[in-house]
Protein chains: 2
Amino acid sequence: MTNENSNPDQRPYHHGDLQRAIVDAALEVLSESQSTEFSLRELARRAGVSHNAPYKHFADKRELLAAVSAVGFEALARQMSDATRGLASPRERLAAMARAYICGGVNNPALYRLMFGGYLTDQQSDRPAIERTAAYRMKALVVGAISDGALGRLIPHTAANERMIDGAILIFWSQMHGLTLLLVDRLVGPGEAMRELSDIVLQGILDGLANSIPVLPEGAWVGPPLAGK
Amino acid sequence: MTNENSNPDQRPYHHGDLQRAIVDAALEVLSESQSTEFSLRELARRAGVSHNAPYKHFADKRELLAAVSAVGFEALARQMSDATRGLASPRERLAAMARAYICGGVNNPALYRLMFGGYLTDQQSDRPAIERTAAYRMKALVVGAISDGALGRLIPHTAANERMIDGAILIFWSQMHGLTLLLVDRLVGPGEAMRELSDIVLQGILDGLANSIPVLPEGAWVGPPLAGK
DNA sequence: CCGAAAAGTTGACAATAGCAACATTGAGCT
DNA sequence: AGCTCAATGTTGCTATTGTCAACTTTTCGG
């Protein structure tokens with residue numbers, strides 16, 4: 001029987017869930033320092049283990065950061081999902097998602113940069129499956145709102161509409177992504193006007209897309225590349 | 001008389017222009033490795049000087065990377081400027097700038113991320129003056145195209161139009177910025193369709209802005225914050 | 001022509017990433 | 001139970017790095 005509460009000061013040899021503890025510590029340090037340049041040893045210290053224990057769970061720092069990034073994607077997907085819960089109007093759902101997306105970035109720039117800043121992307125390696133899953137969930141939410149009429153008319157999610165929906169998402173996503181990063185980098189501001197600015201931009205997009213939606217060319221994709229290639 | 005060409009193999013005690021050499025080496029390594037995690041010592045080695053020589057020109061690594069970033073901003077400003085040279089149509093000028101911007105990012109993602117990825121932004125310190133200068137130049141080009149009629153009607157660059165022009169730039173810039181980063185991170189693709197995708201997106205924006213241009217609220221800004229605050 | 005400042009060098013220190021060898025524990029098998 | 005073994009954690013080590021301090025060589029202004 002493993003009872004790690006019996007003796008608070010006498011940590012058992014085995015931590016219980018170091019993997020989780022290390023990732024949590026990383027999220028903490030990342031939020032505090034807003035930098036990915038912390039040391040694995042620092043995390044080990046925070047978790048109260050020896051400097052090399054993390055290596056039993058992560059091959060190297062890159063792998064650890066990938067895990068942190070994955071947690072970030074899951075959190076973002078959840079926040080976007082939660083934000084739309086109970087909203088009947090598809091347009092309102094889309095707006096809520098956009099706000100949640102921007103908020104997520106502004107509230108933790110370093111995490112957002114880690115997620116999207118190509119720490120893994122640089123290598124030719126694919127993104128972890130868990131990230132892709134979260135990303136697909138986010139995309140599905142957006143697709144749902146669009147097909148439900150967020151752009152002024154119903155656009156059923158059929159094969160015929162696929163490239164048009166992707167066209168709309170390309171515009172919508174890149175606009176929100178860009179705004180988020182400009183806010184984060186304080187190249188537009190002030191941060192307090194985040195909500196106001198994002199609504200202005202969103203308004204512009206929705207109006208534009210209501211008039212005409214581009215169709216993506218053959219072979220173009222939006223979202224994390226499929227696993228195979 | 002200092003003649004550093006007289007004896008190729010006998011490097012003089014003083015390098016001549018180490019500052020420049022270090023920055024050049026950094027740009028090289030950055031382009032090759034697509035990562036800012038190189039060592040100052042590596043740069044010193046490449047420049048053929050001792051491991052501490054760079055510290056006579058840069059207080060620390062951050063300062064060196066700031067200098068690299070500044071060079072990147074200058075290059076980007078020049079590329080955008082060159083791209084518009086000789087184009088009479090303001091709309092074409094705007095499109096050319098957008099393409100140059102995106103190209104710059106896709107051709108050297110690591111540099112682009114360094115420039116916009118808040119290596120300096122994290123600290124409360126302002127961006128170097130040289131960066132702000134380049135940024136203002138870029139913004140001036142965009143303002144020029146817009147006021148010349150890139151959005152379908154002339155919008156003179158007057159105080160009355162200031163917040164409307166900034167509104168247009170907010171949309172235009174964040175859209176291009178987002179598209180660039182999504183391309184860089186391969187979250188949209190393929191890279192070969194860069195030109196096609198950016199033209200599609202640009203088209204959507206210009207059409208949208210031709211219909212209505214948002215007016216930014218009081219206190220909002222677009223571009224690097226002014227020096228004072 | 002001299003003295004100080006600029007530019008470069010050598011040597012040191014603490015911290016880090018990551019490897020290897022060793023120690024401890026718990027889970028499965030008999 | 002008792003044994004075994006893989007998972008987990010630890011200690012010790014090496015190579016590398018950022019940065020400081022002290023020293024040397026040039027260059028340049030007065």
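Since the model is a prediction, treat every value here as computed from it, not as a measurement. Chain letters run A, B, ... following the sequence lines, proteins first and then strands; every chain starts at 1.
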Donor-acceptor pairs under 3.5 Å, side chain of residues 173-182 of chain B to any protein atom, not counting sequence neighbours: which ones?
from, atom 1, to, atom 2, distance (Å)
B:Trp173, NE1, B:Tyr101, OH, 3.0
B:Ser174, OG, A:Gln175, NE2, 2.6
B:Ser174, OG, B:Leu170, O, 2.6
B:Ser174, OG, B:Ile171, O, 3.4
B:Gln175, NE2, A:Ile171, O, 3.1
B:Gln175, NE2, A:Ser174, OG, 2.6
B:His177, ND1, B:Tyr101, OH, 2.9
B:His177, ND1, B:Tyr112, OH, 2.8
B:Thr180, OG1, B:Met176, O, 2.7

Atom-to-atom span, CZ of A:Phe38 to P of D:dT17 - whole angstrom: 21 Å
Neighbours of DNA chain D within residues 25-32 of chain B, by heavy-atom distance under 4.0 Å: none
Distance-only donor-acceptor test (3.5 Å): side chain B:Lys61, base D:dG18: no
Residue A:Asp60, side-chain atoms from C-beta onward, closest of C:dG18, D:dG9, C:dT9: C:dG18
Rounded distance in Å - CG (B:Leu43) to P (D:dT17): 10 Å
Whole-Å gap separating P (D:dT27) and CG (B:Asp17): 15 Å
Check: B:Tyr136 ring centre within less than 6.0 Å of B:Phe73 ring centre: no
Sugar-phosphate, base or nothing in reach of A:Phe58, heavy atoms under 4.0 Å: nothing
Side-chain donor-acceptor distances from residues 37-47 of chain B under 3.5 Å, at least two apart:
from, atom 1, to, atom 2, distance (Å)
B:Glu37, OE2, A:Tyr119, OH, 3.2
B:Ser39, OG, B:Glu42, N, 3.0
B:Arg41, NH2, B:His51, ND1, 3.4
B:Glu42, OE1, B:Arg45, NH1, 3.0
B:Glu42, OE2, B:Arg46, NE, 3.0
B:Arg46, NH1, B:Glu28, OE1, 2.9
B:Arg46, NH2, B:Glu32, OE1, 3.3

Atom-to-atom span, CD1 of A:Ile22 to P of C:dA17 - whole angstrom: 12 Å
Pairwise side-chain contact, A:Phe58 with A:Leu65, heavy-atom cut-off 4.5 Å (strictly under): no
Side chain to side chain contact (heavy atoms under 4.5 Å, CB included) partners of A:Glu162, counting only residues at least two apart: A:His157
Pairwise 5' ranking along DNA chain D for A:Lys56 and B:Tyr55, keeping only the more 5' one: A:Lys56
Main-chain N/O of B:Gly117 paired to A:Arg113 side chain as donor or acceptor, under 3.5 Å: yes
d(CG, A:Leu18; P, C:dT25) in whole Å: 15 Å
Give me the distances for all protein-to-nucleotides 12-16 of chain D N/O pairs that come in under 3.5 Å?
from, atom 1, to, atom 2, distance (Å)
D:dG12, O6, A:Asn52, ND2, 3.2

Nearest listed nucleotide, side chain of B:Ser50, among D:dG18, C:dT9, C:dG18: C:dT9
Euclidean distance, atom CD of residue A:Glu37 to atom P of C:dA15 [Å, nearest integer]: 17 Å
Most 5' of A:Glu42 and A:Ala59 on DNA chain C, judged by nearest nucleotide: A:Glu42
Those residues that, when tested against A:Glu74, pass side chain to side chain donor-acceptor pair (under 3.5 Å) (two or more places apart): none
Side-chain heavy-atom pair B:Glu131, B:Ser69 within 4.5 angstrom cut-off: yes
B:Arg20/B:Asp24 salt bridge by N-O under 4.0 Å criterion: no
